[in-house]
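Remember, it's 1-based here, ligands and their atoms both numbered in the order they're listed. Side chains are part of it too, since the values below use all heavy atoms of this structure and drop only hydrogens, waters and symmetry mates.
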Amino acid sequence: MRATRAIIHLDILRNNLKAIRSVIGNRKMCVSVKADAYGHGAVECAKAAVECGADFLAVACVSEGEELRRAGIDKPILLLSLCIVEEMDSLIQNRLTPLVFSEPYIRELEKAAERNGVRLCVHLAVDTGMGRIGCLSTEAAQIAERIAHSAHLTLGGMCTHFAAADSTSEEDRAYTNQQIAAFNDAVNAVRRAGIDPGIVHSSSSGALLDKEEARFDMVRPGIIAYGYYPGDITEAYLLRKGTSVHLEPVMSLETRIVAIRHFSAGMSISYGHTWTAEKDTDIGVLPIGYADGLFRRFAKDGDFTVAVNGKAYPVRGRICMDQCMIDLGTNSGVRLYDTAVIFGSTASGALQSAQDIADKTGTISYEITSAITKRVPRVFI
Ligand SMILES: *Cc1c(COP(=O)(O)O)cnc(C)c1O
């Protein structure tokens, strides 16, 4: 196995899931394992989630659901994004539960259910302000009736998704509260029409931690299972609020130093020779680059470091597709094949988390971990 690897600490994942469980009581838990569990490995993470009492799993595309079924996972699987007609037989054969709202999509799913001789359970998605998928809250009752009267579909649930529940600004709080109100209106309208809305759910990680009134029958955590706090809903914020939840990053990304070269003053590093040694120094070569998910932009400002034996060393010059170089200085004591930790929990020897990298590079932890590419082996411990 190559030096570069993503260590997936399943014990930490289990602890995070237990922490989530302690917050949500006996509500159902639908763990998001889309995008290969945010880069952590969908099958292994889904199995751990099921062991920890996940009632549902969530994926973004039919092939992701199929992967879980092939691995023998038997729990209900929500399909959070829309698929195309060509995928619908597979959706049904893999017993996925789609989110629905539009008439053409509902009609095609009905045909697919009929073709496959099954009754398909669907959840009605309501767009209360995310502006992505879902019907308007004023349309929910009518569509719920449409589904309830279908010979091939069953209404198993009703859901919405918040646009800004990970923000603590006054404006965003008001926006989320409006979304909750619109969702309550939709659910009540369905009930008034004499239809059971099934499992009512709305909260991904941000709202799960911050909006007790939006937990309904089921919550849909993703990023917090992998150990990152969503947006402004940080550990410190929750501590101040008196609802603290301790999470640890599940993934640590590491590699090994495969060469140590002595550079004399004046020698340059990497494409564009953007960095030149001002004095003699030792340079370590790491077999990791942007094709592994270590983006070029990380090192753009010259302050990106990796940890070796508990000390931070800066990446020098541009990150290449498959390699990058770190400045060890002189007499570092670092030896050939020592481990370099790019990010992870402090227990894994990292000096920064994917969250720290995200903060520094203007993105979110989700993007950092889900961008770790396929050629980086996931090692489950
Ligand atoms: C991705 C997703 C989630 C999980 O979101 P996190 O922020 O990772 O908790 C929940 N619901 C929907 C609809 C999603 O798309």
Side-chain angles (χ1 to χ4, degrees), residues 13 16-17 19-21 23-24 27-40 42 45-46 49 52 54-62 64-65 68 76-83 96-101 122-135 156-168 172 176 179-180 183 186 199-211 214-235 237-238 245 247 249-251 354-355 358 363-371:
L13 176 64
N16 294 339
L17 289 164
I20 297 167
R21 175 55 77 191
V23 168
I24 65 171
R27 287 178 184 80
K28 288 185 194 295
M29 174 161 70
C30 172
V31 177
S32 170
V33 294
K34 65 195 181 188
D36 203 25
Y38 301 34
H40 294 68
C45 291
C52 291
D55 302 281
F56 274 68
L57 298 160
V59 298
C61 50
V62 173
E64 291 178 335
L68 300 183
I77 299 175
L78 274 188
L79 181 66
L80 298 174
S81 301
L82 305 181
C83 69
L96 308 187
T97 304
L99 305 190
V100 306
F101 65 101
V122 302
H123 287 203
L124 174 59
V126 185
D127 180 8
T128 57
M130 176 64 188
R132 195 166 66 182
I133 62 171
C135 65
M158 240 182 112
C159 60
T160 194
H161 192 55
F162 300 121
D166 62 348
S167 163
T168 55
D172 287 332
T176 304
Q179 284 199 262
I180 295 169
F183 187 51
I199 301 166
V200 175
H201 52 107
S202 69
S203 292
S204 59
S205 294
L208 185 162
L209 293 177
D210 199 33
K211 292 278 176 196
R215 287 185 193 143
F216 299 103
D217 304 327
M218 180 165 82
V219 292
R220 304 188 306 264
I223 199 70
I224 54 178
Y226 307 107
Y228 305 98
Y229 292 87
D232 299 342
I233 316 301
T234 59
E235 184 161 33
Y237 166 82
L238 292 169
V245 177
L247 307 171
V250 172
M251 179 192 290
Q355 183 69 57
T363 184
I364 53 177
S365 57
Y366 305 64
E367 198 185 23
I368 306 291
T369 63
S370 64

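Checked against Leu208 for a side chain to side chain contact (heavy atoms under 4.5 Å, CB included), the options Val245, Ile233, Ile224 give a single hit: Ile224.
Using a 4.0 Å heavy-atom criterion, the residues that approach ligand 1 are Ser32, Lys34, Tyr38, Leu80, Arg132, His161, Ser204, Ser205, Arg220, Pro221, Gly222, Ile223, Tyr366.
Counting non-hydrogen atoms of other residues, nucleotides and ligands closer than 6.0 Å to NZ of Lys211 gives a total above 12.
Judged as a salt bridge (Lys or Arg N to Asp or Glu O under 4.0 Å), and not counting sequence neighbours, Arg132 has no contacts. Scanning for side-chain contact (heavy atoms from CB on, under 4.5 Å) contacts around Cys52 gives Arg14, Leu17, with sequence neighbours left out. In terms of the side-chain contact (heavy atoms from CB on, under 4.5 Å) criterion, residue partners of Pro249 (sequence neighbours excluded) are, by chain and number, Tyr228, Ser345, Ser353.
No donor-acceptor contact under 3.5 angstrom links the side chains of Arg27 and His201, judged on distance only.
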